[in-house]
Amino acid sequence: MSTCACGKPADTFGGFCGRCAALQTLGLEPYTSLAEIEEAYRTLVKVWHPDRFQSDPRLRQAAEEKLKEINAAHDYLAFGAAVEEPRFVAEEREPVPEPEEQPAETFKAREPMDEEPDELKRVLKRTRRRSGKKVLPRVLFLAGGIAAMVFLWISMDFVLSANPKTQRSWEEFKTEISRDVHAGIVRLWGNATDDLHGSQAENALPPAAPAQSNEPVPVPKATVKTGAKTKAVAPARVVSGAKPYITPGLTPTEVLAVLGNPTSSSGEKMFYNGTEIDFRDGHVAGWKIDPKNPIRVKLWPDQALVPGQHAYAIGSSKGDVIALQGTPTFFSDNEFGYGGSRVYFKGDHVVGWKEDPASVGLRVVAQ
C-alpha cells in the first residue's frame, strides 16, 4: 500500500490519506487550522449551491455532486473518522479500479437520491441561521429612522402651515423642495438610462466646444396682456448655465428649448405631466402648475410699488399683486391662482378674490 505525503497510508485513488484528500477538496494546505477550514467550507457552499444553477439542469446536477463532496470533506475534517471518509478522485487522472477492493456497488451506494433533500436542508439551515441574525436588526433600524423622519415632517407642516406668519414662506419652501426632488429624479433616471443603453456616439470624436462666456444670457422679453392693451415686462436675465424661466409671450419653440418635449399636447396646450401651459396666437398666455411636477415660471411687475404699500385691494393693478404676492401658480388674463386661493381681475385691476385658509394666504387689505 502506498504512503501519503504526510506519512499516513494512502487509501484513495489520488495517493492521499483521508485527511489530505479532504483538505485538497476544500483547496487547503495540510497544516490548516479549524477556523480556516470553516471559512473555506462556507465560501465553497455559497459558490456551489445548486439553487444558483436552476436555469441549467446539467450544471445544477454537477453542483449537487460537488456540494456532496464538499460536505463530506468538511464533516470528515470537523468530526474525525466517526464520519464516513470521503473518496476523492483527481479529474486529470484516470483511476484504475480494482474489483476486489473497490466494487462498482460502492460508488453507486455513495450517491443515493433520497439523501439530497437532507443535504440541502442542512446547508440552507446554516445559511439562514447566520444571515437572519444580521438582517433583522438593520431592517428594524432603517424602518424606525424612516418613520421618525415622516413624523417630523408632518409635525413641521402642521405647525408652520397653521401660522399665518410662516404659511407663505413654508409653502414656497415646499414648492422649491418638490421641484428640486423632481429635477434630481429626472437627472438620475436619465443617467441610469444612458448607462444602461450606452452612448451611440461613444467612439466618435466630440464636436468642438463653443467658447465659454460668463456674460448673462438674456431671456426674450415677456408681456402681460390686460384687456385690449399689452404691457411689456422687464426681461429676465439669468447666469450662463442656469435654467431660464417660462414667461408670457414665449413661442412654442422657445418653450421646447427650455423644457424639452411635452408628455402630451392638445390644440394650444402643452402638458408636462400634471403641469399645463396655454398658448394664444402662438405665444404663452397662461399656465397651471402642478405642485408635484413644477416648472420655472416668472412674472415681473410693470412698475415699482408705492412706498409703504404692504397689501393690495379692489382696484389694485396686476403689477401690485405680482410685486406683493409673487408669481402665481395659475395664470390667465382675468385670474391669478396661488395654491387654492384666487385673485380676479377685470382688465388690469383687481375686482375680487377668494382665499383658501388651508392654502397660500393672500396679502389683501383687511376688511
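Both backbone and side-chain heavy atoms feed into the values below; hydrogens, waters and symmetry mates do not.
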Consider only side-chain heavy atoms of I, L, V, M, F, W and Y, link residues closer than 4.5 Å, and tell whether [X] and [Y] are in one cluster.
X: F271; Y: L259; answer: no
X: V350; Y: L305; answer: yes
X: I70; Y: L59; answer: no
X: V365; Y: V306; answer: no
X: Y76; Y: L34; answer: no

What's the separation between atom [atom1] in [X] and atom [atom2] in [Y], rounded to the nearest 0.5 Å?
X: D348; Y: K346; atom1: CG; atom2: NZ; answer: 13.5 Å
X: E355; Y: R363; atom1: CD; atom2: CZ; answer: 12.0 Å
X: M270; Y: N261; atom1: CE; atom2: CG; answer: 8.5 Å
X: L23; Y: I37; atom1: CG; atom2: CD1; answer: 5.5 Å
X: E38; Y: L77; atom1: CD; atom2: CG; answer: 9.5 Å
X: W48; Y: E69; atom1: CH2; atom2: CD; answer: 9.5 Å

Heavy-atom closest pair, residues [X] and [Y]:
X: D302; Y: G319; answer: OD1-CA, 3.8 Å
X: L299; Y: T327; answer: N-OG1, 3.1 Å
X: P50; Y: L67; answer: CD-CD2, 3.7 Å
X: K269; Y: D278; answer: NZ-OD1, 2.9 Å
X: Y338; Y: V321; answer: OH-CG1, 3.7 Å
X: W287; Y: K298; answer: CH2-O, 4.0 Å

| message | If the threshold is 4.0 Å, N to carboxylate O, is there a salt bridge linking K68 and E64? | response |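 Judged by the 4.0 Å cut-off on N to carboxylate O distance, K68 and E64 do not form a salt bridge.
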| message | Between E268 and R280, does any side-chain N to carboxylate O distance fall below 4.0 Å? | response |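 Looking at E268 and R280, the cut-off is not met.
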| request: Could you go through the side chain to side chain contact (heavy atoms under 4.5 Å, CB included) check for W353 and V364 one step at a time? | output: CA-CA 9 Å; W353 57 75; V364 296; 3.8 Å; yes
| What do the steps show when you test V360 against T329 for side chain to side chain contact (heavy atoms under 4.5 Å, CB included), and what is the final call? | CA-CA 11 Å; V360 180; T329 55; over 6 Å; no
| query | Mind checking what makes side-chain hydrogen bond (donor to acceptor under 3.5 Å, both in side chains) contact with N293, not counting sequence neighbours? | reply | N273, D290
| said: Hydrogens and angles aside, do Q325 and Y312 bring a side-chain donor and acceptor to less than 3.5 Å of each other? | reply: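 Y312 and Q325 do have a side-chain donor-acceptor pair below 3.5 Å.
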When you measure from the side chain of [X] to the backbone N and O of [Y], does any donor-acceptor pair fall under 3.5 Å?
X: S169; Y: T166; answer: yes
X: E36; Y: S33; answer: yes
X: T251; Y: H283; answer: no
X: Y272; Y: G260; answer: yes

| said: Taking the ring of F336 and the ring of F330, is the distance between their centroids below 6.0 Å? | reply: no
| Candidate pair V284 and F279, rule side chain to side chain contact (heavy atoms under 4.5 Å, CB included), full reasoning | CA-CA 4 Å; V284 173; F279 294 85; 3.6 Å; yes
| message | Walk me through whether I314 and V351 qualify under side chain to side chain contact (heavy atoms under 4.5 Å, CB included). | response | CA-CA 5 Å; I314 301 296; V351 296; 5.6 Å; no
Which side-chain N or O atoms in residues 139-159 pair as donor and acceptor under 3.5 Å with protein atoms at least two apart or in another chain?
residue, atom, partner, partner atom, Å
S155, OG, F151, O, 2.8
D157, OD1, S161, OG, 3.2
D157, OD1, W170, NE1, 2.7
D157, OD1, K174, NZ, 2.8

| said: If you count every heavy atom of other residues, nucleotides or ligands that lies below 6.0 Å from Q309 atom CD, does the total exceed 12? | reply: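 Check passes, neighbour count above 12.
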| task | For N163, look at atom CG and say whether over 12 heavy atoms of other residues, nucleotides or ligands are found less than 6.0 Å away. | result | yes
| message | Can you see whether F345 has K318 sitting over its ring - NZ or CZ less than 6.0 Å from the centre and within 45° of the normal? | response |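 Yes, a cation-pi geometry.
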| task | Using the six-membered ring of Y245, assess whether NZ or CZ of R296 lies under 6.0 Å from its centre and within 45 degrees of the ring axis. | result | yes
Test item: [X] and [Y] side chains (from C-beta on) under 4.5 Å apart, heavy atoms:
X: K288; Y: T275; value: no
X: D51; Y: R60; value: yes
X: L44; Y: T25; value: no
X: L362; Y: R342; value: no
X: I295; Y: V258; value: no

